[in-house]
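Naming convention: chains lettered A, B, ... in sequence-line order (proteins, then strands); numbering from 1 in each chain.
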Protein chains: 4
Amino acid sequence: MAGVNKVIIVGNLGNDPEIRTMQNGEAVANISVATSESWTDKNTNERREITEWHRIVFYRRQAEIVGEYLRKGSKVYVEGRLRTRKWQDQSGQDRYTTEIIGDVMQMLDSRAERTANNYQANNYSNTGSYNTQVNPNPTPSYNNQPKPAPKMEQSEPAIFDVDDDIPF
Amino acid sequence: MAGVNKVIIVGNLGNDPEIRTMQNGEAVANISVATSESWTDKNTNERREITEWHRIVFYRRQAEIVGEYLRKGSKVYVEGRLRTRKWQDQSGQDRYTTEIIGDVMQMLDSRAERTANNYQANNYSNTGSYNTQVNPNPTPSYNNQPKPAPKMEQSEPAIFDVDDDIPF
Amino acid sequence: MAGVNKVIIVGNLGNDPEIRTMQNGEAVANISVATSESWTDKNTNERREITEWHRIVFYRRQAEIVGEYLRKGSKVYVEGRLRTRKWQDQSGQDRYTTEIIGDVMQMLDSRAERTANNYQANNYSNTGSYNTQVNPNPTPSYNNQPKPAPKMEQSEPAIFDVDDDIPF
Amino acid sequence: MAGVNKVIIVGNLGNDPEIRTMQNGEAVANISVATSESWTDKNTNERREITEWHRIVFYRRQAEIVGEYLRKGSKVYVEGRLRTRKWQDQSGQDRYTTEIIGDVMQMLDSRAERTANNYQANNYSNTGSYNTQVNPNPTPSYNNQPKPAPKMEQSEPAIFDVDDDIPF
DNA sequence: TTTT
DNA sequence: TTTT
């Protein structure tokens with residue numbers, strides 16, 4: 001085998017996460033993260049900016065964490081890999097979508113900001129709230145999928161006190 | 001503004017580079033680079049592998065270097081950033097293509113391999129050789145595009161001897 | 001020549017930045033950034049954590065920005081490269097120090113947090129404020145040092161309004 | 001907790017790997033990898049180059065692979081994290097050494113080069129050959145160490161044919 | 001479409 | 001100490 005396929009994104013979510021549950025009961029989270037570049041136009045001497053939107057998908061326990069703690073506006077660090085999926089549109093034509101499969105996720109907002117954002121999200125929207133219908137039993141048919149390497153960053157933390165029970 | 005948009009790819013070219021020249025005379029190079037993941041299927045205990053193809057574009061001096069030194073099969077390290085372009089297909093429908101804008105490129109083949117590959121390319125194909133033809137249909141005012149930051153890795157080397165005049 | 005030497009750090013400053021000025025009048029900033037790993041001890045089933053401190057140095061305009069906007073506790077993204085310096089201790093023995101030369105810096109605190117931190121820093125400490133004093137004992141001919149590639153992220157932004165004149 | 005501590009190195013080994021076995025029977029490999037930067041001195045207009053040496057350590061199965069397949073001159077991609085160790089020199093003084101703990105390793109030499117290098121190594125040196133004195137029994141006291149995350153890249157491949165039983 |  |  002061979003190769004390195006690595007993406008590092010730091011940016012803000014454009015929307016609340018979209019959480020789904022797979023047939024086997026495992027969670028999937030999709031987030032859309034913006035990064036932007038800015039530069040000075042040499043001709044007009046004007047300042048310009050371009051925003052790039054990244055579609056990122058998380059699976060399983062990470063998807064649950066994403067659904068529970070990230071909201072529109074949250075700042076995140078994501079490390080992952082590129083995957084281009086082929087699909088058919090309504091007219092049967094082949095289409096391709098490139099997304100980032102998230103392997104590592106770090107929230108970059110302060111706890112104060114997280115609390116503020118969660119509060120807001122819990123009151124004014126519920127699309128991002130973690131879907132607790134997730135099957136408590138695991139991994140039946142999923143096994144013939146590539147298994148993303150478990151990462152230390154994603155392991156379950158010890159619970160020291162009630163207020164501290166968040167996984168990052 | 002803010003954000004990090006970074007991609008690191010190490011893999012092999014599936015084809016010779018495609019070189020074009022923009023209206024303003026600057027070169028553009030497109031390469032297609034494969035990476036692959038492999039894992040053991042937990043159900044069948046069989047070894048499986050999936051290949052991902054990355055479309056990477058280089059501009060200007062780097063595009064020239066790519067056209068001159070890379071060939072089908074070449075192994076490269078690329079550091080760049082993601083860009084999703086919107087375009088219209090023949091039926092006028094919006095389509096999106098995600099590619100990597102290359103900022104840093106490192107050839108990973110030994111000099112022996114490079115020489116061998118170039119020899120073969122020069123004799124049996126010319127699709128990868130740098131095409132000095134001016135593209136009649138290009139991107140108009142290129143100057144109002146973000147100018148990729150010059151990188152030390154891409155600077156012109158001193159010329160010590162005639163045989164050694166390659167830029168990496 | 002060849003090779004990739006890249007470091008990516010996301011963490012918090014353990015102290016206000018230390019700012020110096022070189023003989024040629026250019027600024028140098030040193031910061032100390034913490035990252036930590038945590039894991040569960042398999043034997044005792046206890047939660048453990050280890051903190052790693054990274055010494056990072058910035059030059060020129062970036063050093064000025066670091067001195068002006070970062071404070072103890074600030075969260076930053078840094079991209080840079082490793083450099084091990086050799087020096088002699090008081091007994092004349094060779095010693096080595098590895099540090100990260102910062103090429104890209106992104107503040108990760110929200111504007112609110114930055115304002116709060118700056119306010120606090122300006123009132124209760126001045127060790128982090130940019131020191132315009134010229135260092136009497138510096139690095140001589142700086143120009144024969146490798147010039148870190150200019151990065152788009154570090155370029156001067158357009159000024160849209162008075163309140164907005166910060167370089168990130 | 002939090003933070004990102006990531007290093008990416010692509011370079012060549014300056015020496016054969018040094019392989020040791022820990023008390024618990026697990027392998028440890030140390031390699032020294034060179035990267036270099038080059039630039040043109042603005043004053044003298046001369047070409048200059050500086051080489052940086054990176055000390056990288058691998059554990060367990062990866063250490064075995066390093067010992068078996070890497071040699072002086074081998075080109076590698078390494079992804080890891082920084083760790084600064086404190087130790088006492090002969091005079092009892094505190095000293096610090098920064099090294100990279102390798103998490104991902106990819107050989108970048110072609111199979112032809114690897115075979116050539118191994119051949120040479122097997123005939124003219126044995127310092128780098130994998131030390132088979134490794135304890136066949138595993139992990140007793142090591143468990144209170146941070147467990148580097150298992151990576152897909154390092155998993156055991158299926159064996160398709162006898163000649164092909166190498167783990168990359 | 002590459003490589004192993 | 002490697003590579004180019």
Original post:
Between F:dT4, E:dT4, E:dT1, which one does the side chain of D:E49 approach most closely?
Top reply: F:dT4

Subject >> Residues D:E52, C:R83: salt bridge by 4.0 Å N-O rule >> reply: no

**OP:** Report the distance from atom NZ of D:K75 to atom P of F:dT1, rounded to the nearest whole Å.
**Re:** 20 Å

Original post:
In whole Å, what is the span from the CG atom of B:L70 to the P atom of E:dT3?
Top reply: 13 Å

**OP:** Spell out, as yes or no, whether a donor-acceptor pair under 3.5 Å connects the side chain of A:N5 to the backbone of A:L82.
**Re:** yes

Subject >> Interatomic distance, D:N12 CG vs F:dT1 P [rounded to whole Å] >> reply: 16 Å

Subject >> Whole angstrom value for the distance that separates C1' of E:dT2 from CD1 of B:I56 >> reply: 12 Å

Original post:
With a 3.5 Å cut-off and just heavy-atom distances, do the side chain of B:T51 and the base of E:dT2 make a donor-acceptor pair?
Top reply: yes

**OP:** Examine the base of E:dT3 for any acceptor or donor lying under 3.5 Å from a partner atom in the side chain of B:S36, and report the outcome as yes or no.
**Re:** no

Original post:
Would B:E79 and C:K6 pass as an ion pair if we require N to O under 4.0 Å?
Top reply: yes

Original post:
Within the stacking criterion (centroid distance below 5.5 Å, interplanar angle below 30°), does D:W53 stack on F:dT2?
Top reply: no

**OP:** Round to a whole Å and report the spacing from CG of D:N30 to P of F:dT1.
**Re:** 18 Å

**OP:** Could you state the atom-to-atom distance from NE2 of B:H54 to C1' of E:dT2 in whole Å?
**Re:** 11 Å

Original post:
For D:L13 and F:dT1, what is the distance between atoms CG and P respectively, to the nearest whole Å?
Top reply: 15 Å

**OP:** Test for a donor-acceptor pair under 3.5 Å between the base of E:dT1 and the side chain of B:N15, counting only N and O atoms.
**Re:** yes

Original post:
How would you list, by chain and number, every residue that makes a side chain to side chain contact (heavy atoms under 4.5 Å, CB included) with A:D89, sequence neighbours excluded?
Top reply: A:W87, A:S91, A:Q93, A:R95, B:Q93

**OP:** Give the rounded distance in Å between these two atoms: CD of B:E18 and C1' of E:dT2.
**Re:** 14 Å

